[in-house]
Amino acid sequence: MGMETLVAFGLISGIIFAGFIGEMIFRRFGIPAVLLLLALGYLLGPIFHEIDVNMLQSIRYIVGPLALVILLFDGGMRLNIYDLIHGGGRGVLMAILVTVLSILVVGGIWVALGYDFMMGAVLGAIVGGTTSTMVVAIVNGMKVSDKAKQFILIDAALTDVLAVILTIALMTIIITHTASVQGTGKEILGSFSIGGLIGGMLGLVWIGLSKQLREINFFYMLTLAILLLAYVVSEYFGGSGAIAALVFGVMLGNYREIGQMLKFKNVADDAPLFTFQNEIGFLVRVFYFVYLGALVVIGSMYSVLLGLAIMAALVAARFASTYISTYKSELVEYRWHINAFMPRGLAAAVMGTYPLTVLLENQGAIPADVYNSMLAQANLFIELSFVVIVASVILTTIGVLLVRRSDAAKERKGKEMAEEVEKRAAARREGEEEPESEGKGKTPKPETEGEPDQEEGVKLGREDKKGAKKQKGK
Amino acid sequence: MGLETLIAFVIIAGIIFAGFFGEILFKRLGIPSVLLLFAVGYMLGPVMHQVDTSTLQNIDYIVGPLALIILLFEGGMDLNIYRLIHESGRGVLMAILVTVLSMLVTGAIWMALGYNFMMGMVLGAIVGGTTSSMVTSLAGGINVSEKAKQCLVIESALTDVLTVIITIALMGAIISGNASVQGAGQEILGNFAIGAAIGGLFGLMWIAMSKMLRQVNFFYMLTVAILLFAYMVSEYFGGSGAISALVMGIMLGNYKEIGKMLRFKDVAEDAELFEFQREVSFLVRTFYFVYMGSLIVIGGTTAFLFSLAIMAGLVAARWVSAQISTFRSDLSEYKSYINVMMPRGLATAVMSGYPALVLYENRDAIASGAYGSLSSQAGMFVEISFFVIIISVILTAIGMFVLKRMEITDKGNEAPEEKGAKKGGKEAEREAGKRKQEAGGGGEPETGGKPEAEEEG
């Protein structure tokens with residue numbers, strides 16, 4: 001077959017391999033795969049011109065929404081409603097706080113630069129949420145209490161969703177700007193409730209029929225088709241397709257509980273949906289990051305510096321939110337762990353292009369001068385979210401490394417102290433019996449102490465990895 | 001989001017739904033899903049212009065080979081090497097016979113129409129094989145012995161592969177046409193050997209590392225990436241990528257046995273590969289049929305008439321092959337079933353565009369006079385294959401329907417008398433009642449038939 005076929009196949013398999021290698025590197029060394037993928041995209045696009053950027057831009061209208069739908073569906077499936085209601089009060093608080101503060105802080109920076117506050121708020125929503133895929137993998141390798149783990153996981157899962165929803169809502173406000181607050185509120189609420197209703201209804205149908213569907217072949221593909229249908233129907237009737245995908249995901253992620261609750265009879269016992277979803281989610285993530293890397297053109301030092309400034313503000317917002325949401329709880333102990341978890345990922349990448357798309361679609365609805373200024377700002381968002389993703393991921397890597405170090409040091413110290421106490425107690429006991437042998441016993445011990453400690457550290461690391469795998473498999 | 005996004009989503013979701021409904025229709029009523037999918041494609045493309053045909057043609061260079069790879073990979077995975085070697089001499093014989101005869105018959109028809117014999121042979125190879133996806137599920141629902149089922153399944157699995165390989169080989173021979181037989185043979189053999197070696201090597205690596213790979217996430221996607229990579233490497237070194245995909249599929253389909261044989265230690269216990277592969281190939285099949293339906297341009301009645309003639313030839317070839325390969329065996333009882341199972345499918349669809357593509361790529365290697373004639377013949381293959389698929393599928397559906405009807409009436413006439421004599425009166429009555437229900441309702445006669453066949457056997 002022709003050369004172009006081979007090149008295309010080479011690209012596809014190469015990108016999947018890169019995602020895979022990135023995953024391995026992440027597990028072994030803690031260096032996130034996102035960096036590798038973005039770099040690969042950047043190499044393939046702007047540098048070597050192996051990928052036709054025009055072609056990529058022309059399929060944007062389908063790649064972006066598709067990634068968004070899969071992302072939200074995935075996010076919804078991960079949200080355990082029971083956890084959220086019963087055990088996640090502080091996690092939910094953290095997610096809301098961090099998102100709101102990020103929006104305010106970034107909005108403030110944006111105003112200080114002489115732009116529109118609302119657009120800054122949109123940017124804040126885009127880069128405000130942490131990505132759950134990375135957080136899930138890291139948190140399982142950490143020595144924190146179960147409660148803290150849950151806290152971090154809920155924060156990540158929820159901000160993923162909030163980033164998308166708020167971006168969409170804020171953009172709606174901007175576009176219907178001339179109308180009243182009531183009118184805008186109505187529109188957003190209406191669009192979200194229609195989306196929620198349609199996603200929920202199709203989710204119920206799916207659960208009701210799940211046993212039958214399971215028996216027929218091609219279970220996952222059918223689910224995917226229903227998901228797309230939910231999106232389309234919802235958008236067609238003026239609802240939000242994204243919300244429909246999210247609610248559909250929540251329903252499917254909790255399908256057994258919902259089935260039981262509603263006393264459905266034909267609920268499937270097991271749905272191998274999660275394995276498929278994992279693989280498809282992997283594919284979407286990998287390709288989307290490469291896609292983003294290929295599309296981004298870092299125009300100037302200005303956007304890099306601005307991105308870094310925004311990142312600094314986001315860090316501050318995170319610290320403040322952590323402080324408030326862990327206030328007077330046992331989580332205080334893990335504040336630094338929580339602070340370290342700030343990787344931005346797919347949600348920021350996908351939503352980074354959203355304002356531009358929406359503005360282009362609603363060109364007629366906005367006065368020309370306002371429109372042009374907004375368009376310029378929205379254009380900047382893609383670059384900025386790219387910079388923020390990279391910076392946040394690097395910061396997370398460093399932060400996690402430092403926290404782990406200090407954990408290990410603390411542990412060593414604790415052990416040393418315990419042993420010291422024990423030794424003293426033993427010495428005292430021995431001293432009571434045989435006062436002369438005290439001097440001999442003391443010197444050789446510290447040397448041997450170091451080794452078992454280290455070994456334990458290695459062992460722990462291994463266990464951590466196993467834990468991470470288990471969690472991911474879920 | 002914009003209207004174009006919605007339309008794209010509707011088309012994607014709609015096609016998957018259509019594939020799904022097609023599957024249900026096929027299971028319930030025996031109407032093959034290919035027909036529905038072709039119709040959807042035709043509606044979307046030439047009739048309503050919802051799909052941009054020129055875009056589709058632009059991605060032809062990636063869709064065709066991708067479908068081919070997935071098809072061959074799956075075909076390879078379905079081939080159980082032990083069964084092939086030990087239990088299925090007659091199925092293999094049938095596959096080879098039917099392919100060779102189809103080629104000869106089609107070649108002859110093509111020549112009679114005033115064209116090139118070799119090109120006719122290529123067309124024969126393309127339309128010569130039955131599609132395993134349909135035959136496998138049809139064979140599961142008919143009342144024949146296990147052996148006959150196996151024969152049918154193996155025949156279709158093998159012809160799927162033969163269709164592809166022989167088409168590629170023949171086109172290789174046509175392009176290096178000026179060279180000697182030896183030269184062409186050398187080239188094809190070399191081509192295939194390189195492909196097989198590379199596919200085998202990657203397959204071995206996969207097996208050896210399967211346990212490790214299984215533990216990491218994203219097992220299936222990695223396998224697909226390796227598959228594409230094997231294809232690429234093989235083509236790059238002058239081998240056949242299709243063969244490497246096939247061989248890798250065979251290795252992966254038999255990975256436990258191969259792992260044991262070679263005493264690999266890290267062989268995975270279970271690889272959830274098959275379920276995923278089924279979903280993916282469903283997607284590929286569904287989309288490819290729609291794709292073909294939307295791209296087809298029906299120029300006139302010529303192609304249709306040609307394909308009718310060719311189909312008649314193919315039916316004859318199948319009949320003769322069935323006669324020979326079931327000769328003096330207990331399979332001869334089921335000859336009518338074997339004759340009827342003639343649906344063409346994905347392999348034919350995918351390969352129909354191949355000759356034109358290869359000719360175009362090698363246009364410099366062929367004398368310009370010959371090239372014009374060859375490419376105009378190759379241009380007709382897509383349309384002819386389209387019709388042959390449709391006709392063959394309809395013939396299969398009708399044939400199955402008739403055979404099932406005959407079975408029911410046979411049972412109604414014979415069985416009660418025979419068995420009534422053997423069994424007690426009450427039992428016979430109950431059985432007769434059951435049969436009446438079946439015959440009257442017409443619902444799922446095959447499940448009713450099974451236990452009886454066992455009793456008789």
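A note on names: the letters A, B, ... follow the listed sequences, proteins ahead of strands, and every chain is numbered from 1.
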For A:L227, is it the side chain, the backbone, both, or neither that has a heavy atom closer than 4.5 Å to a heavy atom of chain B?
-> neither

Closest approach of B:L6 and A:Y231, non-hydrogen atoms and distance?
-> CD2-CE2, 3.8 Å

For residues 10-17 of chain B, which side-chain N or O atoms pair as donor and acceptor with protein atoms under 3.5 Å away, sequence neighbours left out?
none

CG-CD1 distance between B:L227 and A:I12, expressed to the nearest 0.5 angstrom | 11.5 Å

Applying side-chain contact (heavy atoms from CB on, under 4.5 Å), run through A:I16 and B:L228 and close with a yes or a no.
-> CA-CA 10 Å; A:I16 297 179; B:L228 290 183; 5.7 Å; no

The single option from A:V286, A:I280, A:N278 that satisfies side chain to side chain contact (heavy atoms under 4.5 Å, CB included) with B:M221 is A:I280

Looking only at heavy atoms, which two atoms of A:M221 and B:E279 are closest? And how far apart?
-> N-OE1, 2.9 Å

Interatomic spacing from CD in A:E23 to CG in B:L222 - rounded to 0.5 Å = 11.5 Å

Kindly say whether B:Y220 contributes a backbone atom to a donor-acceptor pair with the side chain of A:E279 at under 3.5 angstrom?
-> yes

Of all of A:L229, A:V69, A:L360, A:V233, which one pairs up most often with chain B through heavy atoms under 4.5 Å apart?
-> A:L229

Could you tell me which portion of A:L283 (side chain, backbone, both or neither) has an atom closer than 4.5 angstrom to a non-hydrogen atom of chain B?
-> side chain

What pairs with B:Y288 under ring-ring contact (aromatic ring centres under 6.0 Å, His included), at least two apart in sequence or on another chain?
-> B:Y291

Where does B:I24 contact chain A at under 4.5 Å (heavy atoms): side chain, backbone, both or neither?
-> side chain

Value rounded to 0.5 Å, distance of CD1 in B:I62 from CG in A:L11 | 8.5 Å

From A:L222 CG over to B:F21 CZ, what is the distance, rounded to the nearest 0.5 angstrom?
-> 8.5 Å

Side chain, backbone, both or neither of B:L283 within contact of chain A (heavy atoms, under 4.5 Å) | side chain

Non-hydrogen atoms of chain B under 4.5 Å away: do they reach the side chain of A:I226, the backbone, both or neither?
-> both

Does atom CZ of A:F192 have more than 12 heavy-atom neighbours from other groups under 6.0 Å away?
-> yes

